[in-house]
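Below: the structure, in structure tokens.
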2 protein chains.
Amino acid sequence: MGASLKDVAMRAGVSVRTVSNVVNDFPQVAPETRRRVQQALEELQYRPNAAARLLRAGRSGLVGLVIPEIDSPYFGELASLLVQAAQQYGWTLLVDQTNGDPDRERLLLDGLPGQIVDGLVMSPWALSPAELRRRADAVPLVLLGEQDAAGLIDHVSVDSVAAAAEATDHLIGLGRRRIAAIGVQPHLANGTAQQRIAGYRQALGAAGIACDPALEMPVTALHRADGARAMRELLEGGHAPDAVFCFSDQLALGALRAALDHGLAVPRDLAVCGFDDIEDGRYATPSLTTVAPDKTGIAERALACLADRLKRPAAGAGRRPDPAAPSGDTPPPARKIVAAHRLVVRESTAGRRG
Amino acid sequence: MGASLKDVAMRAGVSVRTVSNVVNDFPQVAPETRRRVQQALEELQYRPNAAARLLRAGRSGLVGLVIPEIDSPYFGELASLLVQAAQQYGWTLLVDQTNGDPDRERLLLDGLPGQIVDGLVMSPWALSPAELRRRADAVPLVLLGEQDAAGLIDHVSVDSVAAAAEATDHLIGLGRRRIAAIGVQPHLANGTAQQRIAGYRQALGAAGIACDPALEMPVTALHRADGARAMRELLEGGHAPDAVFCFSDQLALGALRAALDHGLAVPRDLAVCGFDDIEDGRYATPSLTTVAPDKTGIAERALACLADRLKRPAAGAGRRPDPAAPSGDTPPPARKIVAAHRLVVRESTAGRRG
DNA sequence: AACGTTGCATGCAACGATGCAATATGGATG
DNA sequence: CATCCATATTGCATCGTTGCATGCAACGTT
């Protein structure tokens, strides 16, 4: 293990406290002493012990990001933006994935990772709002995604209902009438699929098109394979649609590939629209029309939320709140931030290439 | 902040030590006492303080993964596999990205994140072997990728030279003769590009094909845009190749798109081969031939390496090594593990679809 | 009755860094 | 020469937890 303040102090012939003063750039140190101490620091390669500092100060400068899947392009891109946004605040962002396992979501929130960070950004998958609310007293938490914690936890998302409606509208505007939806997840409580199917139905209804349950395809996950499977079922079931709105770009890319394999021309025979605007979609052939959430905005506003909470009493680990202090300083109410989105029309719903 | 052992002890009317004994499941606690303490623990929602435990015990159960880009599909997939492998050891894996910035690589190694973890897995980008070696005494470190630390640090990689040669051989076997390479990075010291271009040249040489410098395309990064740009230059420069080996699948997907945009048929006019076997490549049209590293194997063996080091004296933070102990217990020498790879032939170099 | 044994509970110290308050210097002033 | 001040340096206590050693009963054995 590395050298401690004590080791450096012995070497420099001063007290532990003086070394600490040098390390923390306190002004009241004689130039000669400072020089000697700095040399000892250098020689022993001193690095402050993170655990001790954390214990004492209650702040780590770390922020956690908890997402279902690191290898999903959408979350990967978001994580990357969050890492960069965190740097502007002087924080280091650490990422972990839950695989949608509720036990793991709990573990990361309450366990060690959730303790050493000053704040958490989380995209919940399986944890119920009730469980999320239970830990309102721990480190500041910002939720991403459609899951709503009843206004008790800061929350950043896009308006999925409106976005899904816009996407569906766009397909209707192309003259399509048999518009399928891929990505229904009735067993999941996290709200994403529910809101997107609601927007889809709403747009169909507004255009006077009847909803056909056979066109609403459920999936178990949001991967390319699930999209391909759903598309094959649609095509083999004799319910061939003339357009499809997929609740994620990954689903759309899988569906696209299945449609091409089936001999369909996209967009002539089938228009395809996704959701997320991941990079793959821009380079696919044909390139993918999609709903683009303002990822940069989501990242920045999520961290701005955290920063706001952290400016407050700190509520960190170290210092216990003074019981004599007037605790009338109510924390600000939970915010519900809606980030921007826009429909990006590309080849998969436009004309021929170009 | 949450309740401490002291708070629980007061509530249960026992000593701090006894509460600790209950929390840690020590046998020597009377059933009645245990019950009372457990109730107090429950009522106060006690959670052990991570910082204190870490300071005291020197172990956190955390493992860090430091990669250049979280949003690169290859690293995303690898990170996901590492998270899962870590769970089998009872560790929690935290991920951070450096963007290839050497300062940030240093910061993550030496700074707080590098201190609280029991071990680190890192894919270095810009840090020189010398700098990596400098910290051989800190937490156990396993390197991923082609960067070689002169046998002083555990290291897991694939045989990039052989893999690149196989890929090139495959293209030669299709009858192609003007085979381009995309992904040269002369200014980078991390070895990846160097090894792959070496394998490429070696295969060409063995087949008696002269190397054409105009076919070796440099890139600044390994993204789709870079691949597309390089391919456009090749096509517009009058040096049109009949095959291209890209040093990453992302480069290949970009090159593929650029080629299709240029009116080429793939693989008829141009065969395309990538490296990494990311999921996008499997669903692209045409699907992408690629070198598939055994990612699961890489993840498992990297963590096995760490586990091996951690079984040793621990060298963790807390306990200072006993100076009286016979220190003849030399740590095992650094291992150099070569993971498997195989060429996966798909549509982009095979015949027509199917 | 004296002794060792066992089971249970506790006290002390330490991990490394830092806030606070107190001390040791030197010099300037009355 | 005593006094005071400012600057420079230090000791002590503390954060929450756990290793080690000890205290203290009640029990069984000789």
Side-chain angles (χ1 to χ4, degrees), chain A residues 1-37 40-41 44-61 111-112 115-116 314-322, chain B residues 1-37 40-41 44-61 111-112 115-116 314-322:
Chain A
M1 63 172 303
S4 72
L5 282 185
K6 200 177 4 179
D7 301 326
V8 178
M10 295 224 322
R11 175 143 198 149
V14 295
S15 77
V16 171
R17 198 56 249 251
T18 300
V19 180
S20 171
N21 287 340
V22 172
V23 171
N24 292 57
D25 268 330
F26 282 19
Q28 311 276 64
V29 179
E32 161 60 13
T33 312
R34 161 161 284 134
R35 203 195 51 70
R36 255 199 0 263
V37 171
L41 286 171
L44 295 179
Q45 293 259 0
Y46 171 78
R47 300 268 175 273
N49 179 297
R53 273 210 168 151
L54 177 54
L55 174 60
R56 190 57 219 188
R59 291 253 177 140
S60 62
L112 201 149
Q115 294 235 349
I116 57 172
R319 214 119 291 285
R320 195 167 292 255
D322 183 356
Chain B
M1 64 171 305
S4 73
L5 283 184
K6 197 174 8 178
D7 302 325
V8 177
M10 296 223 322
R11 175 143 197 150
V14 295
S15 77
V16 171
R17 200 55 251 248
T18 301
V19 180
S20 171
N21 286 340
V22 172
V23 171
N24 292 57
D25 268 331
F26 283 19
Q28 307 277 70
V29 179
E32 160 61 13
T33 313
R34 162 161 282 137
R35 203 195 49 72
R36 259 207 345 271
V37 171
L41 285 171
L44 295 179
Q45 292 260 358
Y46 172 78
R47 301 266 175 275
N49 179 298
R53 271 207 169 156
L54 176 53
L55 174 60
R56 184 62 215 189
R59 291 254 177 138
S60 63
L112 203 150
Q115 295 235 348
I116 56 172
R319 212 120 292 285
R320 196 167 288 255
D322 182 357

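Below, chains carry the letters A, B, ... as their sequence lines are ordered, and counting in each starts from 1.
Taking atom CZ of residue Arg59(B) and atom C1' of nucleotide dT17(D), one finds them 17 Å apart after rounding to whole Å. Atom pair Asn24(B):CG and dC8(C):P shows a separation of 17 Å (rounding to whole Å applied).
Counting non-hydrogen atoms under 4.0 angstrom, Val29(B) reaches the backbone sugars and phosphates but no base. Residue-level contact check: Val14(A) touches the backbone only, with heavy atoms under 4.0 Å from sugar-phosphate atoms and none from bases.
For Ser15(A) and dT9(D), the shortest distance from a side-chain N or O to OP1 or OP2 is not below 4.0 Å. Taking 4.0 angstrom as the limit, Asn49(A) places none of its side-chain polar atoms (N or O) nearer than this to OP1 or OP2 of dC15(C). Between Arg53(B) and dT18(D) there is a side-chain polar atom (N or O) within less than 4.0 angstrom of OP1 or OP2. For the pair Ser20(B) and dT17(D), the criterion of a side-chain N or O lying under 4.0 Å from OP1 or OP2 is not met.
Distance from the side chain of Arg56(A) is smallest to dT18(C) among dT18(C), dG7(C), dG16(D). Which of dT10(D), dA17(C), dC8(C) sits closest to the side chain of Asn21(A) comes down to dT10(D). In this structure, of dT9(D), dT10(C), dT18(D), it is dT10(C) that holds the atom nearest to the side chain of Thr18(B). In this structure, the nucleotide among dA9(C), dT17(D), dA17(C) sitting nearest to the side chain of Pro48(B) is dT17(D).
A donor N or O paired with an acceptor N or O is found under 3.5 Å between the base of dG19(C) and the side-chain atoms of Arg17(A).
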